[in-house]
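Counting starts at 1 for both ligands and their atoms, following the listed order.
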Amino acid sequence: MKKALTRQQYLDLYYFMRLNRAVEDTMVKLFRQNKIVGGLYSSLGQEAVSVGTAYALEKKDWLAPMIRNIGALLVKGVPARDVFMQHMAKYDSPTKGKDGTSHFGDLENLHIVSPISMLGDLIPVMTGVAIAGRYLGQKIVAMTWIGDGGSSTGVFHEGMNFAAVQKAPFVLVLENNQWAYSTPVKRQVPLENLADRAKAYGIPSYVVDGNDVVAVYTTAKEAVDRARNGEGPILIEVKTFRRLGHAQHDPAEYVPKEMRAYWEARDPIALYEKFLTAEKLLDANSKKEIDEKIEKLLSSERDFAENSPLPPAEFAAQGVYCTGDDCHKVTPKWERPLAEVTPPKSSVPAVWTVKGFGSGKASGGGSAPIHFGDTEKHEENGNADQEVPEAVAEAIQAPAKPRPVKSTSAKATPKKSAKPAVVSGKSPARKARR
Ligand SMILES: Cc1ncc(C[n+]2csc(CCOP(=O)(O)OP(=O)(O)O)c2C)c(N)n1
Ligand SMILES: [Mg+2]
């Protein structure tokens, strides 16, 4: 561990790792008392991953957690009581008892997208969030996590390719904890470093020790800064270990004893305490203060959760299907005024022209009359004289020199010029492919 952070940052990382572990320890107790509804997953030994990565985000940034990322929720500002109540299906929980585990988000304030159970599906979703932020000129970064097992799904590859070609400000943390349920990583992917998957998408990647919170944080911070500065998506492989079974029901007897012993000796909190003590950032007194602060906080958060009622029986039938205005007014919450999403306000110019939708340059074509702005007419198509819908006719200009390459780059020049809109290698799509 290198010393490079402020004292407050070091102590924050420590506090959140401790809080993460204490929240999950409390939930194990609740589970054994039969107060948790559904499964309970654990991130024991992986706290440095959730905390170190989420701590690299700014308040305006977006994240979407997976099952072992309660630490990331806590860093982003979710109160422990919400995590408890959600798992206990209480009426005051974010989903009012309709769903368990961490299946909740907060789009309004904390910028959290709810987890999706289908592994990998958050990758294209968060890529969309990242691109939306760019359109709105918000300079945000979107982050999500995926396991070693989840990195073998089809949607992982589709999503990463899409993020790469769009140069989305997106950071994916690949949490390699050596196991996907009872399958060891070597039995499901023939790579030493899962970060190598990034090569297929032409994007940068890092490999980092997931039990060293300072290394995780500094790597994530660099990745987040790069993504924010327009370098496109970045993959971080974090090597760590799932210390318990897949969930509470799984004793994980299939894990070799030596492997477990190796990683138990590398507990991220114990390692960090050693570092903080050696650097004189933590002594017995300040440790005791933190112990007491967390104990007091969680005791009241747990009381609140336990005292919250279960949802009334009749609520089970409500809010399941939306029936329109008699359920609630369906309004597009995320609709933006046209002026906000088009130049000069948006950071990326719209690149095709349809009446009422921004401005740009379209190219005509028989079967698909509206292409992205930098797509030139295909020479062989010979469709220059084919009919073009009225809506786009006025915007269509013949490119000076036909090229057979189609690009979906979002960078185009909305000026009335005879030159092809994109000729330099500066487009996000082109750069990403290098
Ligand atoms: C597409 C898909 N396939 C299978 C599952 C069932 N499933 C849930 S978690 C899990 C194991 C995931 O392992 P990994 O991605 O390594 O994450 P970890 O549990 O180790 O954090 C499986 C197979 C699922 N949720 N989605
Ligand atoms: Mg795994």
| note | Looking only at heavy atoms, the pair that brings I70 and V23 closest together is CG2-CG1, 4.2 Å
| task | Before accepting this row, confirm whether a basic side-chain N of the pair R266/D209 lies closer than 4.0 Å to the acidic partner's carboxylate O. | result | yes
| Any protein heavy atom nearer than 4.0 Å to atom 24 (C) of ligand 1 | yes
| message | Under a plain distance cut-off of 3.5 Å, with no hydrogens placed, do D82 and Q86 share a side-chain donor-acceptor pair? | response | no
| query | Would you say the ring centroid of F315 lies under 6.0 angstrom from that of Y91? | reply | yes
| said: For the backbone of A305 and the side chain of K90, can you confirm whether one donor and one acceptor N or O come within less than 3.5 Å of each other? | reply: yes
| field | Which of the ligand 1 atoms, numbered from 1, are nearer than 4.0 Å to a heavy atom of N177 | value | 18 (P), 20 (O), 21 (O)
| message | Let me check your reading of the structure: within less than 2.8 Å of the Mg ion (ligand 2), is there an N/O/S atom from W179? | response | yes
| query | Can a donor-acceptor pair be found between the side chains of S152 and Q188 at a distance below 3.5 Å? | reply | yes
| Distance under 6.0 Å and angle within 45° of ring axis: K257 vs Y262 | no
| said: Given N69, V185, T183, L119, identify the one with the heavy atom nearest to atom 8 (C) of ligand 1. | reply: L119
| task | Considering heavy atoms of the protein only, find what lies nearest to atom 9 (S) of ligand 1 and give residue, atom and distance to 0.1 Å. | result | H246 CE1, 3.2 Å
| task | Starting from the Mg ion (ligand 2), look over the N/O/S atoms of D148 and name the nearest one. | result | OD1
| Numbering as shown, the atoms of ligand 1 that approach G147 to under 4.0 Å (heavy-atom distance) | 14 (P), 15 (O), 16 (O), 17 (O)
| Is there an N/O/S atom in Q178 at a distance below 2.8 Å from the Mg ion (ligand 2)? | no
| message | Would G149 count as being in polar contact with ligand 1, using the rule that some N or O on each side must be under 3.5 angstrom apart? | response | yes
| S117 neighbourhood, listing ligand 1 atoms whose heavy-atom distance to it stays under 4.0 Å | 24 (C), 25 (N), 26 (N)
| task | Please state whether the separation between the Mg ion (ligand 2) and some N/O/S atom of E175 is under 2.8 Å? | result | no
| query | How far is atom 19 (O) of ligand 1 from its nearest protein heavy atom, and which residue and atom is that? | reply | R68 NH2, 2.8 Å
| Which of the atoms of ligand 1 are close to M118, meaning less than 4.0 Å from one of its heavy atoms? | 26 (N)
| said: With salt bridge (Lys or Arg N to Asp or Glu O under 4.0 Å) as the criterion, how do R228 and E58 come out once you've worked through the C-alpha distance, each side chain's angles and the decisive distance to 0.1 Å? | reply: CA-CA 11 Å; R228 199 184 309 284; E58 292 180 12; 3.5 Å; yes
| message | Using a plain distance cutoff, I'd like to know if R242 has any nitrogen or oxygen under 3.5 Å from a nitrogen or oxygen of ligand 1. | response | no
| message | If the threshold is 4.0 Å, N to carboxylate O, is there a salt bridge linking R243 and D267? | response | yes
| said: Are the side chains of D148 and Q178 in contact, using a 4.5 Å heavy-atom criterion? | reply: no
| note | When distances are taken from atom 15 (O) of ligand 1, the protein heavy atom at minimum range is G150 N, 2.8 Å
| Applying a 4.0 Å heavy-atom criterion (strictly less than), which segment of Y41 is in contact with ligand 1: side chain, backbone, both, or neither? | neither
